[in-house]
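Atoms within a ligand are numbered from 1 in the order they appear, just like the ligands themselves. Just so it is clear, the model here is predicted, and its values are computed rather than measured.
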Amino acid sequence: MNMPVTAQPNLFRQTRKVRFSHCDPAGMVFFPRYLVQLNDLVEDWFDEALGINYAEFITTRKFGLPTVKLDCSFQSPGVFGSEIEWQLSVERIGNSSIGLMVRGVDGDQLRFELHSVLVATSVHQGGAMALPEDLRAALLRFRGTQAAE
Ligand SMILES: CC(C)(COP(=O)(O)OP(=O)(O)OC[C@H]1O[C@@H](n2cnc3c(N)ncnc32)[C@H](O)[C@@H]1OP(=O)(O)O)[C@@H](O)C(=O)NCCC(=O)NCCSC(=O)c1cc(O)c2ccccc2c1O
């Protein structure tokens with residue numbers, strides 16, 4: 001049975017206004033602006049929900065977190081002045097990779113659904129690194145499936 005999105009504890013949510021600077025001349029979100037915001041969302045999720053300072057993770061602990069896969073579907077246009085709730089959950093936790101699903105919802109309308117895979121890497125050596133234990137434990141709280149449409 002699908003749980004309503006509002007009842008799901010394993011979602012990180014953030015509501016963001018669609019700004020003029022996000023839009024094309026028709027007043028609709030230009031899709032690369034969603035991708036920049038996706039990265040911002042991941043940073044905020046680390047800081048605010050996972051309890052891991054993202055900047056320290058990169059600069060002090062020397063992990064990289066590049067995206068190796070990104071699959072995007074855009075169901076309806078994001079409109080200048082509207083608000084979109086970003087809902088993030090973890091689809092898969094690998095040895096070094098993290099599979100994410102992110103939905104953008106405006107009221108009862110789905111704007112987009114993104115699936116991405118991030119890989120923990122060593123900034124020094126460049127290759128994949130096992131996810132550190134504190135990150136792995138924190139990720140477990142967000143693992144789960146979101147309600148299917
Ligand atoms: C990231 C790589 C160095 C990994 O290559 P490597 O050979 O070391 O590792 P594996 O191939 O074994 O993969 C490890 C792990 O990931 C899974 N995986 C790899 N590729 C895919 C894929 N395409 N789809 C799905 N899954 C994939 C694989 O199955 C393994 O899974 P586990 O279950 O074992 O965990 C190398 O792939 C690479 O360098 N890729 C290029 C990355 C890139 O240039 N991306 C473009 C954008 S860069 C970016 O987004 C970025 C964002 C940040 O926020 C950063 C922050 C800090 C530093 C850098 C950042 C950054 O570059």
Determine the minimum heavy-atom distance between [X] and [Y], stating which atoms define it.
{"X": "Ser89", "Y": "Leu11", "answer": "CB-CD2, 3.8 Å"}
{"X": "Val119", "Y": "Ala128", "answer": "CG1-CB, 3.8 Å"}
{"X": "Arg13", "Y": "Gln87", "answer": "NH1-NE2, 4.0 Å"}

Pull out every atom of ligand 1 sitting under 4.0 Å from any heavy atom of [X], numbered as shown with elements.
{"X": "Gly127", "result": "8 (O)"}
{"X": "Asn39", "result": "54 (O)"}
{"X": "Gly64", "result": "57 (C), 58 (C)"}
{"X": "Ile58", "result": "56 (C), 57 (C)"}

After noting the C-alpha distance and the side-chain angles of Arg16 and Trp86, does the key distance pass the side-chain contact (heavy atoms from CB on, under 4.5 Å) rule? CA-CA 7 Å; Arg16 297 185 167 180; Trp86 291 65; 3.7 Å; yes
May I ask which of Leu65, Val68, Ile93 has a heavy atom nearer to atom 22 (C) of ligand 1 than the others do? Val68
Does Arg92 have a non-hydrogen atom less than 4.0 Å from ligand 1? yes
Ligand 1 contacted by Phe57 (non-hydrogen, < 4.0 Å): no
Do the side chains of [X] and [Y] join up, straight or via other hydrophobic residues, at under 4.5 Å, putting them in one cluster?
{"X": "Leu100", "Y": "Ile58", "result": "yes"}
{"X": "Val117", "Y": "Ile98", "result": "no"}
{"X": "Leu65", "Y": "Leu35", "result": "yes"}

What's the shortest distance from [atom] to any protein heavy atom, and which residue and atom give it?
{"atom": "atom 54 (O) of ligand 1", "answer": "Tyr54 OH, 2.9 Å"}
{"atom": "atom 31 (O) of ligand 1", "answer": "Ser97 OG, 3.4 Å"}
{"atom": "atom 14 (C) of ligand 1", "answer": "Ser96 OG, 3.4 Å"}
{"atom": "atom 16 (O) of ligand 1", "answer": "Val119 CG2, 3.3 Å"}
{"atom": "atom 8 (O) of ligand 1", "answer": "Ala128 N, 2.8 Å"}
{"atom": "atom 34 (O) of ligand 1", "answer": "Asn95 CB, 3.7 Å"}
{"atom": "atom 26 (N) of ligand 1", "answer": "Val117 CG1, 3.8 Å"}
{"atom": "atom 51 (C) of ligand 1", "answer": "Pro66 CA, 3.4 Å"}

Is [atom] near the protein, in the sense that some protein heavy atom lies at less than 4.0 Å from it?
{"atom": "atom 10 (P) of ligand 1", "answer": "no"}
{"atom": "atom 29 (O) of ligand 1", "answer": "no"}
{"atom": "atom 5 (O) of ligand 1", "answer": "no"}
{"atom": "atom 45 (N) of ligand 1", "answer": "yes"}
{"atom": "atom 1 (C) of ligand 1", "answer": "yes"}

For ligand 1 and Gly126, I'd like to know whether there is a polar contact (N/O to N/O, distance under 3.5 Å).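 N/O-N/O distance below 3.5 Å does not exist for this pair.
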Plane angle bin for Phe46 and Tyr54 - parallel if under 30°, tilted between 30 and 60°, otherwise perpendicular: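 Perpendicular: the ring planes of Tyr54 and Phe46 meet at over 60°.
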When you compare the side chain of Phe31 with that of Asp24, does any pair of heavy atoms fall below 4.5 Å?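 No, every pair of side-chain atoms sits at 4.5 Å or beyond.
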Do the non-hydrogen side-chain atoms of Leu110 and Arg103 ever get within less than 4.5 Å of each other?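 In contact.
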Select one of side chain, backbone, both or neither to describe which atoms of Val42 lie under 4.0 Å from any atom of ligand 1, heavy atoms only. neither
What part of Thr67, side chain from CB on, backbone N/CA/C/O, both or neither, has a heavy atom under 4.0 Å from ligand 1? both
Reported [atom1]-to-[atom2] distance for the pair [X] and [Y], which is rounded to 0.5 angstrom:
{"X": "His115", "Y": "Glu91", "atom1": "NE2", "atom2": "CD", "answer": "5.0 Å"}
{"X": "Ser122", "Y": "Arg61", "atom1": "OG", "atom2": "CZ", "answer": "13.0 Å"}
{"X": "Arg136", "Y": "Asn95", "atom1": "CZ", "atom2": "CG", "answer": "6.0 Å"}

Would Lys17 and Glu83 pass as an ion pair if we require N to O under 4.0 Å?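 No.
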